Amino acid sequence: DVKVTQSSRYLVKRTGEKVFLECVQDMDHENMFWYRQDPGLGLRLIYFSYDVKMKEKGDIPEGYSVSREKKERFSLILESASTNQTSMYLCASRNNYGYTFGSGTRLTVV
Amino acid sequence: GDSVTQMEGPVTLSEEAFLTINCTYTATGYPSLFWYVQYPGEGLQLLLKATKADDKGSNKGFEATYRKETTSFHLEKGSVQVSDSAVYFCALGRMDSNYQLIWGAGTKLIIKP
């Protein structure tokens, strides 16, 4: 069964910490995405990547960066976490047939 | 720009009731339309899709018809079960944007036994 795996289901971090959210897919997909999900706002695209070492800003990139050193891994980085980055983070990968999502990481910044 | 509007939730129904979750869109041209479902504690899964006007997508007893004249893609099910409790997202995708998706806000569905 194809999978997108997010390394943590729940994280609690302090304001100002550098936070890494990891996502790994085993489907050899070229396209990978990071979204945040907030009640009433749906999914908002943070960053996406079409290939190794390539990245594109989504709709809300401020305060985030990403890394794609290998095809299967797409990391989201919060350089200095703030309380307004408390959210559910969803990673996805995509091929011509559609998207596959990970189970999400619920991040709380205190 | 493109946008998707869903009815606000939560929607609460009794088991075996008829379900409609409204979705309308604003877009030029001919986008593809999708419904995704998110069960508690899980990521999103594709429920059904339609790629052109008058197409009907269906899966697990759910249906939605791509209506270009009303720019709608309403999700329906004839008899819901407690296991259908989830958050449902309507989304729009374009081939010319490499099928990046524009998402609705999501509708939480609660089914009571």
Side-chain angles (χ1 to χ4, degrees), chain A residues 1-10 21-27 29-51 54-61 74 76 87-106, chain B residues 1-11 21-26 31-51 55 57-59 64 73 75 86-110:
Chain A
D1 199 13
V2 295
K3 270 191 175 178
V4 174
T5 303
Q6 295 184 231
S7 53
S8 304
R9 291 297 298 270
Y10 300 94
L21 303 184
E22 305 289 346
C23 175
V24 177
Q25 51 102 355
D26 64 0
M27 298 164 286
H29 290 174
E30 292 182 348
N31 303 316
M32 296 188 74
F33 303 81
W34 274 106
Y35 291 93
R36 64 177 282 176
Q37 180 183 5
D38 300 289
L41 297 177
L43 275 68
R44 293 181 291 168
L45 181 62
I46 304 171
Y47 267 96
F48 59 100
S49 169
Y50 286 133
D51 203 348
M54 295 182 68
K55 59 185 179 184
E56 297 284 343
K57 292 180 180 179
D59 299 319
I60 51 164
F74 191 36
L76 180 69
S87 187
M88 170 70 85
Y89 290 88
L90 292 171
C91 175
S93 69
R94 188 180 65 79
N95 64 2
N96 289 340
Y97 299 100
Y99 285 70
T100 302
F101 282 84
S103 298
T105 296
R106 185 166 294 281
Chain B
D2 296 347
S3 66
V4 175
T5 302
Q6 286 182 239
M7 63 189 293
E8 285 191 30
V11 173
I21 299 178
N22 289 338
C23 172
T24 57
Y25 68 90
T26 302
S32 295
L33 299 173
F34 305 84
W35 277 101
Y36 279 79
V37 58
Q38 184 181 34
Y39 297 105
E42 297 184 15
L44 278 72
Q45 305 172 25
L46 179 64
L47 181 59
L48 53 84
K49 67 179 182 181
T51 58
D55 264 3
S58 61
N59 186 22
F73 192 54
L75 183 67
V87 181
Y88 292 81
F89 291 90
C90 185
L92 174 161
R94 291 187 170 284
M95 192 165 57
D96 58 3
S97 68
N98 207 10
Y99 280 115
Q100 284 196 54
L101 295 180
I102 307 296
W103 296 89
T107 302
K108 185 172 184 177
L109 175 64
I110 301 169

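Naming convention: chains lettered A, B, ... in sequence-line order (proteins, then strands); numbering from 1 in each chain. Model, not experiment: these values are computed from the prediction.
- The CG atom of B:L44 lies 11.0 Å from the OG1 atom of A:T100; values are rounded to the nearest 0.5 Å.
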Note to self: What verdict does the side chain to side chain contact (heavy atoms under 4.5 Å, CB included) test give for A:Y99 and B:F34, after you've listed the backbone C-alpha separation in whole Å, the side-chain angles of each residue and the deciding distance to 0.1 Å?
What the structure shows: CA-CA 11 Å; A:Y99 285 70; B:F34 305 84; over 6 Å; no
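- With respect to chain A, the highest number of heavy-atom pairs below 4.5 Å among B:K108, B:Q6, B:Q38 belongs to B:Q38.
- Looking at every heavy atom in both residues, B:A105 comes nearest to A:G40 through CB-O, 3.4 Å.
- Of all non-hydrogen atoms in A:L43 and B:F89, the two that sit nearest each other are CD1-CE2, 3.6 Å.
- The 12-atom threshold is not exceeded at CD of B:E8, counting heavy atoms of other residues, nucleotides or ligands nearer than 6.0 Å.
- Side-chain contact between B:W103 and A:Y35 is present, with at least one heavy-atom pair separated by less than 4.5 Å.
- Crowding of A:R44 atom CZ: a count of heavy atoms from other residues, nucleotides or ligands under 6.0 Å exceeding 12.
- The part of A:Q37 that comes within reach of chain B is its side chain, from C-beta onward, which places non-hydrogen atoms under 4.5 angstrom from that chain.
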